[in-house]
Amino acid sequence: MSSSSVLYDIPGPKARRRNRILGIVSIAAIVALIVFVVYKFNQTGQFEARKWEQFQYTAVQRELLNGLWATLKVAAVATVLALLFGAFFASARLSDKVLFRAPATFVVELFRAIPLLILIFFGYYVPLQYGWPIDKFWALVIGLTLYNGSVLAEIFRAGINAVPYGQSEGAYAIGMRKNQVLRLILLPQAFRSMLPAIVSQLVVLLKDTALGFIITYPELLFVGKQIGGRLAFGLPYVPTYLIVAAIYISICGLLSVLAWWLQKRLTRLPRTAAKPVAATQTDGGTGATPL
């Protein structure tokens, strides 16, 4: 029996025909929706040259690039810190000692339950109220790190726990310590299964940087809002947001392609295996094999 038939029954001719019809109808509905949206944009004058002509100016292009750079900068720093945060608390949650496991569980569950927007507000306005102003960049980084790091901690923990228990038992049987088992046996195997979820969460982190406009951090969406509100060009909000959306989609698409490439490359890596023992000739006529 093939592995695919274990999880679900293989569809028969009628089911395949029904699925094909549903697929065609769904694609037609999506195309119709896109055509309707484009028609409404055209009807309301969103494609007029006046609303698009400002994007040919170098100053406007520089504004968009500065906003993109601010977005990528905060996303890069938050990504590194979130990965470190997730790895640390995942290790603590996997500890045998309740002294480490209980506080780590509390921290991870707490920051997963708090909405990211509230964390950003707390990171910026609470220190400001007590006379300890914090830079908007770091306020946004702190919020992104706490929320996404907690989610990554659960991804790491689930990925490590998903490795068959016999792997760690075999490592302990040959005398490995727990940190060696985690570092040399479990993590290399878990990383392959965790990679798609990790990249998906990093894409979420990148998109969440748009919440920085709440504290007026000059990221891409905040810059787009300023560009779209110019009266001289007829308030081109829709054209500006279309450009901003295209930039976000391009970056997220590149991250997805990178994840796909990494996963394919990791699956092609040779597995470690014992080398076959070469046959040796017997020593003369004694029949003894030399050491």
Side-chain angles (χ1 to χ4, degrees), residues 74-127 129-130 132 134 137-173 175-212 214-215 255 259 262-263 266:
V74 74
V77 175
T79 294
V80 174
L81 295 179
L83 288 171
L84 293 175
F85 183 98
F88 177 80
F89 281 95
S91 300
R93 291 202 67 182
L94 291 168
S95 175
D96 294 331
K97 299 180 179 178
V98 70
L99 183 64
F100 298 139
R101 190 172 65 251
T105 301
F106 174 77
V107 169
V108 169
E109 295 300 330
L110 174 67
F111 290 121
R112 283 178 64 209
I114 299 176
L116 175 58
L117 191 58
I118 295 178
L119 291 175
I120 296 173
F121 270 122
F122 266 82
Y124 182 68
Y125 288 109
V126 171
Q129 265 194 328
Y130 289 95
W132 304 327
I134 185 173
F137 173 86
W138 289 109
L140 183 56
V141 165
I142 290 171
L144 291 170
T145 299
L146 293 177
Y147 180 78
N148 292 281
S150 299
V151 177
L152 287 170
E154 284 298 283
I155 292 174
F156 293 155
R157 187 177 69 89
I160 291 172
N161 285 335
V163 178
Y165 192 64
Q167 299 288 322
S168 55
E169 284 185 331
Y172 288 131
M176 282 188 171
R177 294 187 298 273
K178 184 166 184 177
N179 64 338
Q180 291 177 313
V181 174
L182 183 64
R183 180 167 46 90
L184 301 176
I185 303 299
L186 299 181
L187 277 178
Q189 298 182 68
F191 182 74
R192 292 185 176 92
S193 60
M194 291 189 299
L195 184 61
I198 292 172
V199 175
S200 297
Q201 191 59 38
L202 295 182
V203 169
V204 171
L205 186 151
L206 174 65
K207 293 187 292 185
D208 284 344
T209 58
L211 294 175
I214 296 295
I215 57 174
L255 284 175
L262 282 174
Q263 193 172 23
L266 287 172

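- Taking a 6.0 Å sphere around CZ of Phe88, one finds it holds 12 or fewer heavy atoms contributed by other residues, nucleotides or ligands.
- Between Leu83 and Ile198, the closest side-chain pair of non-hydrogen atoms falls below 4.5 Å.
- Counting heavy atoms from C-beta on, the side chains of Pro115 and Tyr147 never come closer than 4.5 Å.
- Between Leu140 and Thr209, the closest heavy-atom pair is CD2-O, 3.9 Å.
- Ser91 approaches Ala87 most closely through the heavy-atom pair OG-O, 2.8 Å.
- In this structure, Ile214 and Ile120 have side chains that are not in contact, with every pair of non-hydrogen atoms separated by 4.5 Å or more.
- With a 4.5 Å cut-off on side-chain heavy atoms, Phe122 and Ile114 do not count as touching.
- Tyr124 has its side chain out of reach of Ile142: every pair of non-hydrogen atoms, C-beta onward, lies at least 4.5 Å apart.
- Arg101 places a side-chain N or O within donor-acceptor distance of the main-chain N or O of Ser95, the cut-off being under 3.5 Å.
- The shortest non-hydrogen separation linking Met194 to Gly159 is CG-CA, 3.6 Å.
- No side-chain heavy atom of Thr79 sits under 4.5 Å from any side-chain heavy atom of Asn148.
- The shortest heavy-atom contact between Ala92 and Ala104 is CB-CB, 3.5 Å.
- Closest approach of Leu206 and Ala75 over heavy atoms only: CD1-CB, 3.8 Å.
- Every residue meeting the ring pair (Phe, Tyr, Trp, His ring centres under 6.0 Å) condition with Tyr125, not counting sequence neighbours, appears here in chain and number order: Phe121.
- At a threshold of 4.5 Å between non-hydrogen side-chain atoms, the residues Phe85 and Leu152 do not count as touching.
- In plain terms, the two heavy atoms of Val151 and Gln201 that are nearest each other are CG1-OE1, 3.3 Å.
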